[in-house]
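Read the numbers this way: they start at 1 and go in the same order the structure lists the ligands and their atoms.
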Amino acid sequence: MMAVRIDGKELAKQVRKEVSEGVKCLKASHGVTPGLAVVLVGEDPASQVYVRNKVKQTEACGMNSFHHVMDAGTSRKSLLSLIKALNNNPAVHGILVQLPLPAHLDSRDVIQTIDPAKDVDGFHSSNVGDLWTSGKSFVPCTPLGCLALLKSVEPNIAGKNAVVIGRSNIVGRPMAALLLNESATVTIAHSKTKDLPALCRQADILVAAVGRPRMIKADWVKPGAIVLDVGINRVEIADGRGRLVGDVDFEDVSTVAGAITPVPGGPGPMTIACLLANTLEAAKRAVS
Ligand code: GUN
């Protein structure tokens, strides 16, 4: 039997609808419009696309968007002073600095300057610490979206074996924390993991966040497993044109998995929807 296709576009639409309603309520009850500041340093083409989508969707759900573009040579001092100004601006409830930053800027240093109450990316060490100790943190948007996709097909995560491939601060680590908070038994795999296919075959829930096109094949996957594919890789097809594929070989793995996210149309759309939900939450906390 072919795997169920988990529709990230559809779920993201529902989340955005709920956020739009929440924004209307907050305006009516407190006269406050949630505001999200997005900071882009440099001209990375992929980051430009992501930021444009974030700005567009922020405005579409009735929030204010503050879009700051700085040139690639921006100094640490200028970037930190912009962040401090945004921290002190009451119209800004969420701050997102698009990553990666140019090499001369230390992303950790930059993230630690963001007020944790406005850190809607959930990257500040205070929010990371909260996530690992079951506190009320902002959770990074991609893993938060993945968890919602997972719950849409399997509400009972407790006791399941989960394997997360990738140990990044943006996806792998927070994904593992979220699954652990749901009482899954979690393994984080990475480039030094021995016999990765054998480890993956034990997973009831498999999350791929490695950045290697179609690395995961059907014989890596336990029959009936739920597979979440966070990879977004551009591969060349005929006559030099590109196409986006995940870390999972979708057609192959669909023959054994119980459910699987497509690329595009899986975790991608959910990431921005969760960013909007976190921004609304930040604004609600600011008025309460
Ligand atoms: N770059 C890739 N994903 C993300 C994300 O979720 N947040 C930020 N700030 N940068 C990213």
Does Asn127 reach the main-chain N or O of Pro116 with its side chain, forming a donor-acceptor pair under 3.5 Å? yes
Tabulate below the donor-acceptor pairs under 3.5 Å that side-chain atoms of residues 175-182 make, not counting sequence neighbours, or state none.
unit_1, atom_1, unit_2, atom_2, d
Asn181, ND2, Leu131, O, 3.1
Glu182, OE2, Lys151, NZ, 3.0

Present, as a list of atom pairs with distances to 0.1 Å, all nitrogen or oxygen contacts under 3.5 Å between ligand 1 and the protein.
unit_1, atom_1, unit_2, atom_2, d
ligand 1, 1 (N), Gln98, NE2, 3.3
ligand 1, 1 (N), Leu99, O, 2.9
ligand 1, 7 (N), Asp121, OD1, 3.1
ligand 1, 7 (N), Asp121, OD2, 3.3
ligand 1, 9 (N), Val97, O, 2.8
ligand 1, 9 (N), Asp121, OD2, 2.6
ligand 1, 10 (N), Leu99, N, 3.0

Residues passing the side chain to side chain contact (heavy atoms under 4.5 Å, CB included) test with Leu99, sequence neighbours excluded, are Leu101, Ser107, Ile111, Phe123, Ile170
Any ion pair linking Arg76 and Asp109 (charged N to carboxylate O, less than 4.0 Å)? yes
Ser75 and Ser78: side chain donor to acceptor below 3.5 Å: yes
In a table with atom names and distances, give each donor-acceptor pair under 3.5 Å that connects a side chain of residues 243-252 to protein atoms at least two apart or in another chain.
unit_1, atom_1, unit_2, atom_2, d
Asp247, OD1, Gly211, N, 3.2
Asp247, OD1, Arg212, N, 3.1
Asp247, OD1, Asn233, ND2, 3.0
Asp247, OD2, Val210, N, 2.7
Asp247, OD2, Gly211, N, 3.1
Asp249, OD1, Asp252, N, 3.4
Asp249, OD2, Lys217, NZ, 3.0
Asp252, OD2, Ala218, N, 3.0

